[in-house]
Amino acid sequence: MLAAWGGPIIPRMPGEYEQHRRKKAEALRAQGLDPFGRRYPETIDTAGARKRFEAAGEGAPATVAGRMLALREFGKLIFADLWDSSGRIQVAFSKKTLPPQMWDRVKLLDLGDWVGVEGRLVRTRTGEITVDAARVDVLAKALLPPPEKWHGLTDVEARYRQRYVDLFANPEVRDLFLRRSLVIDEVRRFLRERGFVEVETPVLQPLYGGAAARPFVTHHNTLDVDLYLRISPELYLKRLLVGGMERVFEIARVFRNEGISTRHNPEFTLMELYQAFADYGDMMELVETLVERLARTISGGRTCLPFQDKVLEYKAPWRRALYADLLAEHAGVRLGDEPAVRARARTLGLEESNKHVDVVTHDVFEAAVEPHIVQPTFVMDWPARLCPLTKRKADNPDIAERFEPMVAGMEIGNAYTELNDPDVQAEALRTQLAGQQETMAVFDADFVEALKHGMPPAGGLGIGIDRLVMLLVNAPSIRDVVLFPALRPKGSPGAAGTV
RNA sequence: GGGGGCGUAGCUCAGCCGGUAGAGCAACAGCCUUUUAAGCUGUGGGUCGCGGGUUCGAAUCCCGCCGCCCUCACCA
């Protein structure tokens, strides 16, 4: 069995808790019951049970299943809280009404156990809708105790390493990941409505490209070749445009072998799409329409959502701002004024001596401009040298038809009018390669050959789904929106993940 | 990789001017038929992240290491 990220922290001898619980499991076996049960014909979820009570009233039958996360004992009467994916319901076990054998079984239950309960819906003296149990079955015995009921699991490292505990101990965490799922569902629905087709392209690539990033390298034994985990699906999706698939998208897990931070996970989800006969202006319309809709979807119709200490308005249309204007406004330098740009870089403490002026310009942009962009903004018309896959402005070859949607100082995507001239493309890639050590890609001759077969003019877009979800659910760290974020494995090698 | 912070019972946390380790929840043994952070009585539970040093004595002071968080640098 493979280790998950982290895995159990240290394999240890069964402690006090596990021993007690194993004894109870044995006691269940002695009654002929399997403490790790099978299929259970629940009739209704806990939310449905509440509704049924409202509709059918006192005494309506209900069979529910869930995890028991609270017990309140009164000698001959025991209340338990049963949680399932729809919510929580109280269960009452009464010695007076339960068969003696069932009552004995109740005594073998522990917090964290998965149980099924059959009974009738009643309202208690305090008004709580409750399943008055006639029968209980253990569906899975928990051999380890759940975290404390009031504070839950708060230790950040434990929450990431043992997300399975985090998810049931902290309901808001599960809710957050459900909202992430909603966002992705809605992205798919939106794109399908617009005629996009979802495709899958190689994760293992003989050449990597489509972004500026260091790749992970792996090896295929039979072919005896090194392969790269993709840093972007871009070059394959454009090949599909050549092939005549006019509107395609992929929700692609991509891998970048770089630093880890609150905004960077080594693997993340990148939605890329390409639309034939469109340009970056169409992509702006698409982004603002999509994101406004996503905001509404997860917030019950609102377009104005909080993020950290800010409030963000996602309603379309978004602000459109020229890269050059923003640079002048916030950095005080004119785009193309090389001495001024280099001087500004030095005052910002940035290294500039061995870099192309466009690269320095962008360093200045990131340091001086990006923090000031709070409300959703399209930063458009970039220095061409930064954009080797982008078509230049018709009237200015130094400027590329590219934009980044920025929110709260964060780049949430990247889009442009796609470069479809194979000769210009080949030249741009070669220039890029000849330039800095930090290259966009290795030269992909097959990609250029594909362009020679004719790629329709197109707009292309990439959206960082994780960062978008961070914004929409107000999460301060990308680790909060990735179920199993990358962590350094803990414990002795090979110890994690095995029993 | 640089800087700052953190690591004590299953969980949440005290203790940290050195003097043999504590609380709440959880567990265990009891009492309790209307609670919902139930209550009451009693009991058990710790390699104080790991290793070294200083000291008569270290959870506490010093050094190294491991892990996590924040931050800066590279990136989306």
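- Remark: B:A23 base-pairs with B:U12. Criterion, Watson-Crick or G-U wobble with two distances under 3.5 Å.
- At the heavy-atom level, A:L111 lies under 4.0 Å from the strands shown only through sugar-phosphate atoms.
- A ring-centre distance under 6.0 Å is found for A:F378 and A:F403.
- A close approach under 4.0 Å does not occur between any side-chain nitrogen or oxygen of A:R72 and OP1 or OP2 of B:U35.
- The partner of B:G51 is B:C63, judged by Watson-Crick or G-U wobble contacts that both fall below 3.5 Å.
- The stretch residues 357-376 of chain A participates, sequence neighbours left out, in these salt bridge (charged side-chain N to carboxylate O under 4.0 Å, His left out) pairs: A:K355-A:D363.
- Set against B:C69, B:C28, B:U12, the side chain of A:H151 has B:U12 as its closest nucleotide.
- Residue A:R479 places at least one side-chain N or O closer than 4.0 Å to OP1 or OP2 of B:C69.
- The environment of A:Q101 atom CD is sparse: at most 12 non-hydrogen atoms of other residues, nucleotides or ligands sit within 6.0 angstrom.
- Each of B:U12, B:C69, B:U34 was ranked by its minimum atom distance to the side chain of A:D155; first place goes to B:U12.
- In this structure, of B:G10, B:U35, B:A27, it is B:G10 that holds the atom nearest to the side chain of A:P145.
- A:D132 comes within 4.0 angstrom of no nucleic acid atom, judged by non-hydrogen atoms across all strands.
- The partner of B:C17, taking Watson-Crick or G-U wobble pairs whose two distances both stay under 3.5 Å, does not exist in any strand shown.
- Contact check, A:T154 against B:C11: no side-chain N or O comes under 4.0 Å of OP1 or OP2.
- Under 3.5 Å, the side chain of A:E16 and the base of B:G44 form at least one donor-acceptor pair of N or O atoms.
- A salt bridge is absent between A:R214 and A:E258: the closest approach of a Lys/Arg side-chain nitrogen to an acidic carboxylate oxygen does not fall below 4.0 angstrom.
- The side-chain hydrogen bond (donor to acceptor under 3.5 Å, both in side chains) check on A:E285 picks up A:R194, A:T289, with sequence neighbours excluded.
- Salt bridge A:D110/A:K24: present, at least one basic N to carboxylate O contact under 4.0 Å.
- At a threshold of 4.0 angstrom between heavy atoms, the contacts of A:G152 are confined to the sugar-phosphate backbone, with no base atom among them.
- Residue contacts shown for A:K23 are absent, as no nucleic acid heavy atom lies under 4.0 Å away.
- Distance from the side chain of A:D110 is smallest to B:C28 among B:G10, B:U33, B:C28.
- Counting atom types as modelled, A:Q90 pairs a side-chain N or O with a base atom of B:U35 as donor and acceptor under 3.5 Å.
- Under 4.0 angstrom from either OP1 or OP2 of B:A38 there lies at least one side-chain N or O belonging to A:K149.
- Candidate nucleotides B:C28, B:C69, B:U34 were compared by shortest atom distance to the side chain of A:V156, and B:C69 ranks first.
- Phosphate proximity of B:A73 to A:S261: absent, as no side-chain N or O sits under 4.0 Å from OP1 or OP2.
- Under the Watson-Crick and G-U wobble criteria, each requiring two contacts below 3.5 Å, nucleotide B:G39 is paired to B:C31.
- If you check every strand for non-hydrogen atoms under 4.0 Å, A:G75 touches a base.
- Comparing B:U12, B:U34, B:C74 by their nearest atom to the side chain of A:E148 picks out B:U12.
- Put simply, A:R125 has no side-chain N or O that comes within less than 4.0 Å of OP1 or OP2 on B:U35.
- Distances from the side chain of A:Y160 to the nucleotides B:C69, B:C28, B:U33 place B:C69 closest.
- For the OP1/OP2 pair of B:A29 and a distance below 4.0 Å, the side-chain nitrogens and oxygens of A:K107 include no atom meeting the criterion.
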